[in-house]
Every structure is written in structure tokens, then in C-alpha cells.
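The structure under discussion appears below in the form of C-alpha cells.
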Amino acid sequence: MTYTRTECGVDFKNHDITLAVLNMEDIIHGHPKNFQINLGFQYEEDYLYCEDMRVCDLLNLKDVSSPVYVYSKKQIEANINKYKTAMKNSGRNIQLSYSVKANMNPSILELMRNHGLFLTLVSGHELRLALDLGQEPGKIVFNGNGKMNWEVDLACRSGVLLNVDSIFNMRQTIDVCKAGGYVANVLFRINPDINPNVHGYVSTGQEGSKFGISADELEEVLEMATTFEKIRVVGLHCHIGSTIREPEKFKQSTRVLVDLFNKLRSRFPDLYVLNLGGGLSIPYKSQISLPQKCKQVVQCEIDKNDDQEIARLYDNLLTSKLTLSTFLEAIKPLPRGKEIFLKLQEQVPSECLVPEPNDLLSSISDIIPPEAKVILEPGRSLVGNSAILLSRVLGTKLSKKKNFIVIDGAMTEVIRPCLYGAYHHVELAEPSRAAHLQNASDQSKLVWDVVGPVCESADFIGKDRLLFTPHEGCSIAVFDTGAYCSSMGSNYNMRVRPAELLVDGEKVKVIRRSETFEDMMKLYTNYYCFSQ
Ligand code: LLP
């Protein structure tokens with residue numbers, strides 16, 4: 001189902017009438033009125049837009065209810081293009097492969113495929129989906145530390161690139177090839193023993209990790225591959241973790257892989273692929289304000305050097321026309337900006353300052369042998385910042401110890417805060433109309449925990465957030481929910497999985513309908529007999 005902006009227009013009007021009958025004084029301003037968050041999302045007069053669509057109006061569409069994931073096509077394409085430009089500038093032969101686990105919505109996969117991306121998969125069903133969509137097997141990488149026989153069989157039968165993760169996985173692959181008469185195109189997933197400096201749950205290439213072939217096991221795996229002629233060793237792979245913020249970590253893992261690549265080339269003449277994995281983070285804290293102590297640093301530098309361009313950018317930051325991350329990115333290449341950037345780097349939270357694909361590739365391109373074909377398999381940095389979870393406020397609770405904004409979105413849609421203590425930015429998606437319920441003194445921001453309705457204290461989306469008091473029904477956005485949110489969603493508390501919308505300029509397409517009670521119950525044996 002696709003809607004146009006005109007179809008939403010009817011609802012725009014209704015909404016505006018509601019606002020018009022309230023005294024304009026009642027609308028609290030002060031929230032960033034007009035500012036560009038990224039290419040997909042911006043605030044105009046306190047209303048959040050996804051491309052050309054005011055997001056609060058999307059909740060009025062037929063077949064759409066809150067909460068709902070809203071994706072920007074423009075932002076996904078901008079993310080792809082950032083990688084493509086960096087790859088081109090690197091002077092190396094690099095192929096981008098989208099990590100499907102980040103978000104498997106077929107419409108998003110279609111977008112990736114149309115841009116020529118390979119797909120990196122971790123399960124037989126992801127493989128079935130990719131093949132169903134028409135992805136050529138030669139453009140698929142199949143990964144996994146525990147593969148079932150049917151999954152290995154499907155991978156070998158289809159002729160995809162298969163990452164072998166352990167001695168037992170090598171044996172399993174040989175057995176499957178023998179039984180089916182297949183030739184397998186194999187990459188060895190190496191555990192390079194590097195600490196990526198991320199949450200332990202997303203660190204995947206250190207000693208003690210369940211992933212990859214360790215130095216001790218390597219010779220045995222190589223020996224097995226050499227003895228069985230149906231194993232065609234085409235590459236090496238590693239993926240040291242996710243949410244990585246230091247290019248140096250990629251450099252370290254690339255070095256390990258390149259050394260091994262050079263050592264093994266005479267032994268395996270078909271070896272040509274270096275798959276360096278994914279893992280680049282995104283600036284989850286791009287929208288936070290500049291810490292007070294940093295303001296002095298910037299002002300001092302501006303006064304000292306009378307740098308007009310930096311002064312202009314700083315003014316845009318202070319008036320909320322630029323996000324902190326965009327400001328930092330913008331000053332970095334300026335002659336005097338680099339110095340300020342380096343001073344601030346120490347003081348702003350690391351989630352503001354995340355390397356870009358360009359930083360990643362500049363740190364590794366020199367060490368990549370020109371004859372190797374490199375695969376990069378990002379997930380988060382292609383889709384993470386392309387979506388919000390749009391929810392409605394159910395109510396607010398004030399108490400001596402804590403204030404709560406209770407929304408209809410929950411840990412079932414955004415599990416990352418609860419699972420990894422991850423930060424997702426939260427903002428009202430429209431001006432609050434709660435002021436008329438309160439005293440004038442309440443018309444400032446309060447500190448809130450933003451929580452969902454799930455019956456768990458772990459069900460929080462954000463803690464200690466400075467926000468205006470929202471009215472009941474106010475739309476509210478949880479940012480950067482394009483990666484590992486919908487794909488890690490659940491039905492806990494019998495909550496239905498939300499719909500997903502893809503915005504393309506003035507068009508909105510429902511790319512997944514919301515689940516229903518009936519959808520959930522149809523899997524239970526005899527349910528309909530009991531309920532008759
Ligand atoms: N390649 C392999 C082999 C992977 O295991 C992963 C992610 C990727 C590529 C893509 O990594 P990315 O570029 O998206 O960081 N649920 C966690 C993330 C788990 C990532 C698992 N592997 C989260 O929400 O942060």
C-alpha cells in the first residue's frame with residue numbers, strides 16, 4: 001500500500017484544526033524548531049519530518065497505528081553512497097555486502113540489491129530469502145558459527161561464498177559436499193584476537209569468543225581443506241565486533257588477515273577474497289548538546305583566531321541548526337577546525353564522534369594488497385540512522401524520585417537499551433500541548449525516563465532525558481532504530497510487531513503490515529477449537 005502526501009493532507013488539516021482551537025500560548029516552544037538531523041529527518045517549526053512527510057500525520061493513515069517504524073529511503077541511499085565514494089577513493093577493489101541481520105525487510109534488501117550490494121547472511125532462512133529475491137549466489141556470503149546441515153547443504157548447492165568458522169564446520173562442509181557432490185567456495189573466518197573496545201555482547205574476535213577459527217585450530221582446518229579437493233578456498237574473513245568507533249581496530253584486524261593472505265596464497269591458488277567484516281558504529285548521540293566545558297574551548301579558539309567559518313558553524317550549533325556530530329564533521333577539515341576537533345574529541349561522548357566509511361578505508365587501504373578483492377559487510381552503518389520508531393505518549397507519571405513518560409513503543413521494538421545499555425535519542429515529534437494542563441512554572445523541560453508498557457522494569461527506551469512534558473497522545477520519536485530493532489523485535493506480552501513504512505519524498509509505502517492477534521494465534525495448535 002502506497003500513500004501520497006495529498007492523501008495524508010486530509011489528516012494534516014484535521015490536525016491543524018486541533019492545534020488552532022488551542023491557545024497558541026499553550027504550545028511549548030524551545031525544542032529544536034528547525035534543524036536537520038540527517039538527510040532523512042528534520043525538524044520544521046517543532047514538527048519532525050521524514051523527508052517531505054510530517055511524521056505525526058503518518059499515524060492517522062488508514063492501516064497504520066502506533067508504534068510504527070518509519071524509514072527514509074533518501075538516508076539509506078546516502079549511507080550507501082558514502083561507502084561507495086570512500087571505496088572509489090581507496091584505489092582498491094572493494095565490494096559492499098549488506099549484513100541482512102541488521103534489517104531483513106525485503107523492501108530494504110531490494111534497495112540494497114538495486115545498488116549492486118552483495119548480501120551477508122547468517123541463517124538458512126536469510127539465504128532462502130536472498131535467493132527468492134533473485135540475488136545471484138556469487139553475490140551472497142553465508143556466515144555462522146553453528147550451521148545446520150540443511151543450511152550448509154543449501155549454501156553449497158547454490159554456490160554461495162561460505163564462511164567456515166571452526167574445525168567441526170569444516171568437517172560438516174566436507175560431509176555435505178561429499179553427499180551432494182558439490183564444490184564449496186570457502187572463506188575461513190579467522191579469530192584475530194583483537195579487543196574492539198565495545199560492549200562484551202557485540203565483541204566477536206577476541207580469544208574466548210565463540211566465533212572464528214583460533215590460531216591453534218587453523219592448521220587443522222587448512223589441512224582438511226587441502227585434502228578434500230571439492231573445497232575451493234577463495235578467501236579469508238574476520239569480523240571483530242559491532243559499534244566500533246576506532247579505525248585503528250580495523251587496521252589491526254586487516255593486518256592479521258593480510259599477513260595470513262600473503263602466507264597462504266601459494267598453498268591455495270584460488271585465494272583472492274579478503275572479507276573484513278562490518279562493525280562500524282553510528283553516532284547514536286549525534287543530537288545531544290555540546291557539553292558546557294566544551295563551549296569555552298570553542299569560544300576561546302574562535303576569539304583567538306577570529307575564524308568566520310568556524311564562528312558561523314558554531315552559531316548554527318548553538319541555535320540547534322546543526323547536530324553536534326554534523327558540527328564536528330564540518331569543522332574537522334577546516335584549517336583551524338582540526339585543532340578544535342582534536343580538543344573536543346577528548347571531551348564529547350564517544351557516541352558523537354564516529355568514524356565515517358572514509359575514515360575506515362583511509363586507515364586500511366594502504367595495507368590491502370591491490371590484487372585482493374575486499375568485501376566489507378556493514379549492517380548498522382547502512383540502515384541504523386535511516387529510521388525512527390514513532391510512538392505515542394500514553395501518559396506521564398511524576399514522583400519524587402523519577403518522572404516517567406510512558407509510551408506505546410517498548411523493549412519489544414527497541415531491545416538495545418535493555419540488552420546493551422545502548423543509547424537511542426528520544427524527542428517529541430510534535431509541539432507539546434500539555435502546558436495548558438500545568439502551571440507556567442512547569443513549562444520547562446523535566447528529566448524523564450521514557451518507558452514502555454511491557455511488564456518488566458527492563459522495559460526502558462531512555463533514562464534521564466530532558467524533554468518537555470508531552471500531552472497524552474503526543475507523537476514521540478526514538479531515533480536510529482533502522483538496525484537491530486525491528487529484526488530483534490519480539491511478541492513478549494503478546495504485543496504485535498509493528499508496521500514498517502518507507503518514506504520516499506512525498507510517498508509513503510507500507511513495507512510491512514502490522515501483525516494482528518490472529519497472526520500470533522494461528523501458530524498454536526487447537527486454539528480456534530478452544531475459543532469456539
Ligand atoms: N558481519 C558479521 C559476520 C557479523 O556478525 C555482523 C554483525 C556484521 C557483519 C554487521 O555488523 P554491523 O556493521 O551491523 O555492526 N545486535 C547488536 C549487533 C550485533 C551484530 C552482530 N554481527 C546491536 O544491536 O548492537
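Here, residue 1 is the first one in the sequence, and each next residue gets the next number. Both ligands and their constituent atoms are indexed starting at 1 by order of listing.
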Flag Asn143 as yes when one of its N or O atoms lies below 3.5 Å from any N or O atom of ligand 1, and as no otherwise. no
Polar side chain donor-acceptor pair, Glu500 to Asn105, under 3.5 angstrom: yes
So among Thr120, Asp165, Asn163, which one has a side chain to side chain donor-acceptor pair (under 3.5 Å) with His237? Asn163
Counting both backbone and side chain atoms, is some N or O of Thr120 under 3.5 Å from an N or O of ligand 1? no
Please identify which atoms of ligand 1 are closer than 4.0 Å to at least one heavy atom of Arg189. 3 (C)
When distances are taken from atom 17 (C) of ligand 1, the protein heavy atom at minimum range is Tyr420 OH, 3.0 Å
protein heavy-atom neighbour closest to atom 15 (O) of ligand 1 works out as Ser242 OG, 2.3 Å
Can you pull out the closest protein heavy atom to atom 1 (N) of ligand 1? Residue, atom name and distance to 0.1 Å, please. Glu377 OE2, 3.0 Å
Between ligand 1 and Arg416, is the shortest N or O to N or O distance under 3.5 Å? yes
When only distance counts, is Arg380 in polar contact with ligand 1, meaning an N/O pair under 3.5 Å? yes
Distance-minimising heavy-atom pair for Gln135 and Phe118: NE2-CA, 3.6 Å
Does the side chain of Arg380 pick up a donor-acceptor pair with the side chain of Ser242 at under 3.5 Å? yes
of all protein heavy atoms, closest to atom 22 (N) of ligand 1 is Lys101 NZ, 3.2 Å
Flag Gly379 as yes when one of its N or O atoms lies below 3.5 Å from any N or O atom of ligand 1, and as no otherwise. yes
Is the positively charged end of Arg465 above the ring of Tyr423, judged by distance under 6.0 angstrom from the centroid and angle within 45° of the axis? yes
For atom 14 (O) of ligand 1, the closest protein heavy atom turns out to be Tyr484 OH, 2.6 Å
Shortest protein heavy-atom distance from atom 10 (C) of ligand 1, along with the residue and atom involved: Ser99 OG, 3.4 Å
Close N or O approach (Ser381, ligand 1; < 3.5 Å): no
In terms of side-chain heavy atoms, does Glu456 have a donor or acceptor partner in Tyr492 at a distance below 3.5 Å? yes
Derivation and outcome, ring pair (Phe, Tyr, Trp, His ring centres under 6.0 Å), residues His425 and Tyr284: CA-CA 7 Å; His425 198 74; Tyr284 282 106; over 10 Å; no
Atom CZ of residue position Arg128 - does it have more than 12 heavy atoms of other residues, nucleotides or ligands inside 6.0 Å? no
If we only count N/O pairs under 3.5 Å, is Thr243 in contact with ligand 1? no
Ignoring hydrogens and angles, state whether a donor on the side chain of Glu377 or His239 is under 3.5 Å from an acceptor on the partner side chain. no
Is there any N or O on Gly279 that sits under 3.5 Å from an N or O of ligand 1? yes
With Lys101 as the cation and Tyr484 as the aromatic partner, state whether NZ or CZ is under 6.0 Å from the six-membered ring centre and within 45° of the axis. no
About how many Å separate CG of Asn103 and OH of Tyr71, when rounded to the nearest 0.5 Å? 4.0 Å
The closest protein heavy-atom partner of atom 2 (C) of ligand 1 is His239 CG, 3.4 Å
Atoms in ligand 1 flagged as close to Pro378, the criterion being non-hydrogen separation under 4.0 Å: 13 (O)
Close approach, Met488 and ligand 1, non-hydrogen under 4.0 angstrom: yes
